[in-house]
Amino acid sequence: MVTSYRFLARRRGLAATGAAAALALTLAACGSSSSDSSSMPGMDHGGKSSASASPSASQAMDDMPGMDHMASGNGLSDTRDGYRLISKDATLPSGKQTAYRFTVTGPDGRPVTGFALDQTKRMHFYAIRSDLTGFQHIHPTMAADGTWSANLSSLAPGSWRLFASFTPDAGPGKGKDFVLSRTVTVPGNATKTLLPAPATSTQADGYTVTVKGEPMAGMAHPLTVSIAKDGKPVTDLEPYLDTYAHLTAFHEGDAAFAHLHPTTKVTGDNGGPDLSFHAELPASGNWRLFLQFQTGGKLHTAALTLRVG
């Protein structure tokens with residue numbers, strides 16, 4: 001009888017141990033599902049996928065247009081993974097159009113001349129002053145030796161950061177998006193402009209642009225932009241850079257860069273009024289957003305400040 005009791009107790013103990021182990025495995029599986037850190041290819045206009053995204057959610061975002069080009073990093077360095085942005089220009093004149101010349105060298109130290117298309121262009125170039133004014137988005141031209149020329153419009157005195165966004169189509173960085181930057185000084189009496197307060201809507205050329213969404217730093221969140229005119233939804237947005245609108249953001253204080261990728265597919269010559277974007281902003285604080293969209297052959301730029309928690 002004692003022997004039977006001991007055998008039954010042992011069986012009960014083993015069953016309890018097995019149940020606890022199964023529960024631990026289940027909890028571990030749930031934990032790994034909620035902490036998938038697989039990176040999205042390319043914020044390289046942006047960053048890595050959210051730590052809270054499940055594998056199925058990450059796959060869904062990978063299938064969205066623009067998700068094949070998400071760059072990691074904030075663009076505040078002139079060097080990354082052996083690639084380097086080089087320029088002899090440390091100062092640029094104020095008050096007139098000027099050309100900024102630069103090269104991108106690869107890990108072998110030679111100028112890179114092969115670049116893949118990203119949103120119909122081989123190089124996207126951005127200029128922003130330290131107070132986040134004077135935004136310019138340019139598509140420079142490249143000479144045979146790999147020297148790029150970006151024709152900048154009139155620059156106000158102050159410190160500027162210039163960003164080059166590109167994807168090599170050969171070499172160790174093939175298919176990987178990069179955002180590199182350098183600073184230049186524009187001599188003169190620099191007057192700082194205070195950053196406008198965070199808002200959900202802004203006006204530009206008679207259009208009202210409204211942004212909906214509550215992005216959190218370092219996490220992937222959807223962002224919706226709606227465009228209206230005279231109180232009516234706009235449905236005549238023309239394709240621009242293989243999308244209906246282009247959205248760029250810069251962080252207050254350090255001018256860190258983020259490219260918010262469109263997830264609304266271009267289905268014809270007219271789009272709107274609502275456009276979806278994949279927002280992955282790496283730091284909390286205020287971000288200055290610049291939305292570019294085209295109607296009637298004219299490019300419009302709307303700007304607003306977004307608060308990121």
Side-chain angles (χ1 to χ4, degrees), residues 40 42-47 65-67 69-77 85 100 118-140 150 152-153 155 160-167 177-183 195-196 198-199 202 204-205 207 209-211 213 215 217 220-225 227 237 239-264 275-283 285-294 299-308:
M40 292 183 181
M43 26 316 56
D44 283 359
H45 286 310
M67 291 304 97
H69 282 287
M70 293 294 297
S72 61
N74 55 20
L76 293 179
S77 174
L85 176 63
Y100 180 79
D118 177 20
Q119 290 193 264
T120 75
K121 303 297 180 181
R122 299 190 187 281
M123 177 73 70
H124 293 264
F125 188 85
Y126 305 89
I128 195 77
R129 206 171 74 143
S130 60
D131 59 0
L132 306 188
T133 61
F135 169 77
Q136 294 186 44
H137 175 192
I138 300 165
H139 304 117
L152 293 162
S153 298
L155 301 176
W160 289 75
R161 185 169 286 276
L162 308 178
F163 296 85
S165 174
F166 60 91
T167 305
D177 288 6
F178 291 83
V179 180
L180 305 179
S181 71
R182 295 178 64 90
T183 58
L195 189 72
T202 188
D205 300 335
Y207 291 88
V209 174
T210 303
V211 176
H221 281 270
L223 204 66
T224 301
V225 175
I227 303 175
L237 298 178
Y240 171 65
L241 299 177
D242 202 29
T243 181
Y244 288 122
H246 186 277
L247 189 57
T248 313
F250 300 90
H251 186 243
E252 182 183 23
D254 57 7
F257 174 95
H259 180 195
L260 286 70
H261 287 257
T263 56
T264 299
L275 306 172
S276 298
F277 291 86
H278 171 86
E280 197 164 346
L281 301 169
N286 290 328
W287 288 79
R288 191 67 171 163
L289 272 57
F290 294 90
L291 181 80
Q292 295 177 285
F293 60 95
Q294 184 170 293
L299 185 63
H300 312 278
T301 301
L304 62 76
T305 303
L306 179 70
R307 181 69 182 178
V308 175

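The structure displayed is predicted, hence computed values, not measured ones. Residue indices begin at 1 and follow the sequence shown.
Distance CZ/F277 to CG/L247: 5.0 Å, rounded to 0.5 Å. In this structure, the separation between OG on S130 and CD on E252 is 11.0 Å, given to the nearest 0.5 Å. Taking CG from L260 and NE2 from H221, the interatomic distance works out to 12.0 Å, rounded to the nearest 0.5 Å. Put simply, CG on L180 and CG on L76 are 11.0 Å apart, with the number rounded to the nearest 0.5 Å. Rounded to the nearest 0.5 Å, atoms OH (Y244) and CG (L237) are 8.5 Å apart.
Partners of D254 according to the side-chain hydrogen bond (donor to acceptor under 3.5 Å, both in side chains) rule, which considers only residues two or more places apart in sequence or in another chain, are H251. Remark: T301 engages F135, F290, Q292 in a side-chain contact (heavy atoms from CB on, under 4.5 Å) (not counting sequence neighbours). When the side-chain hydrogen bond (donor to acceptor under 3.5 Å, both in side chains) test is applied to Y100, the partners found at least two apart in sequence or on another chain are S87. Not counting sequence neighbours, the partners of T305 by the side-chain contact (heavy atoms from CB on, under 4.5 Å) test are L195, P196, P198, N286, R288. Residues meeting the side-chain hydrogen bond (donor to acceptor under 3.5 Å, both in side chains) test with S181, sequence neighbours left out: R161. Taking H139 as the reference, H124, H137 meet the side-chain hydrogen bond (donor to acceptor under 3.5 Å, both in side chains) condition, with sequence neighbours excluded. Residues that satisfy the side-chain contact (heavy atoms from CB on, under 4.5 Å) test with D242, not counting sequence neighbours, are T120. Every side-chain contact (heavy atoms from CB on, under 4.5 Å) that A217 has, sequence neighbours left out, goes to S284, V308. Taking F293 as the reference, Y207, H300 meet the ring-ring contact (aromatic ring centres under 6.0 Å, His included) condition, with sequence neighbours excluded.
The two residues I227 and L275 have their closest heavy-atom pair at CD1-CD1, 4.3 Å. Nearest heavy-atom pair, A255 versus F250, reported as atom, atom and distance to 0.1 Å: O-CD2, 3.9 Å. Considering all non-hydrogen atoms of both residues, P239 and Q294 come closest at O-NE2, 4.3 Å. Nearest heavy atoms, T264 versus S276: OG1-N, 2.8 Å. A220 and H278 get closest at one heavy-atom pair: CB-CE1, 3.5 Å. Considering all non-hydrogen atoms of both residues, T243 and Q119 come closest at CG2-NE2, 3.5 Å.
For the ring-ring contact (aromatic ring centres under 6.0 Å, His included) test with F163, the passing option among F257, F178, Y126 is F257; the others fail.
Here salt bridge (charged side-chain N to carboxylate O under 4.0 Å, His left out) pairs that include residues 119-131, with residues two or more places apart or in two chains, are R129-D131.
Side chains of P215 and L223 form a contact here, defined as non-hydrogen atoms less than 4.5 Å apart. No side-chain heavy atom of L289 sits under 4.5 Å from any side-chain heavy atom of V225. Between L291 and L304, the closest side-chain pair of non-hydrogen atoms is not below 4.5 Å. Residues S165 and F125 form no side-chain contact, since every pair of their non-hydrogen atoms from C-beta on lies 4.5 Å or further apart.
Within the 3.5 Å criterion, the main-chain N or O of V209 finds no donor-acceptor partner in the side chain of T202.
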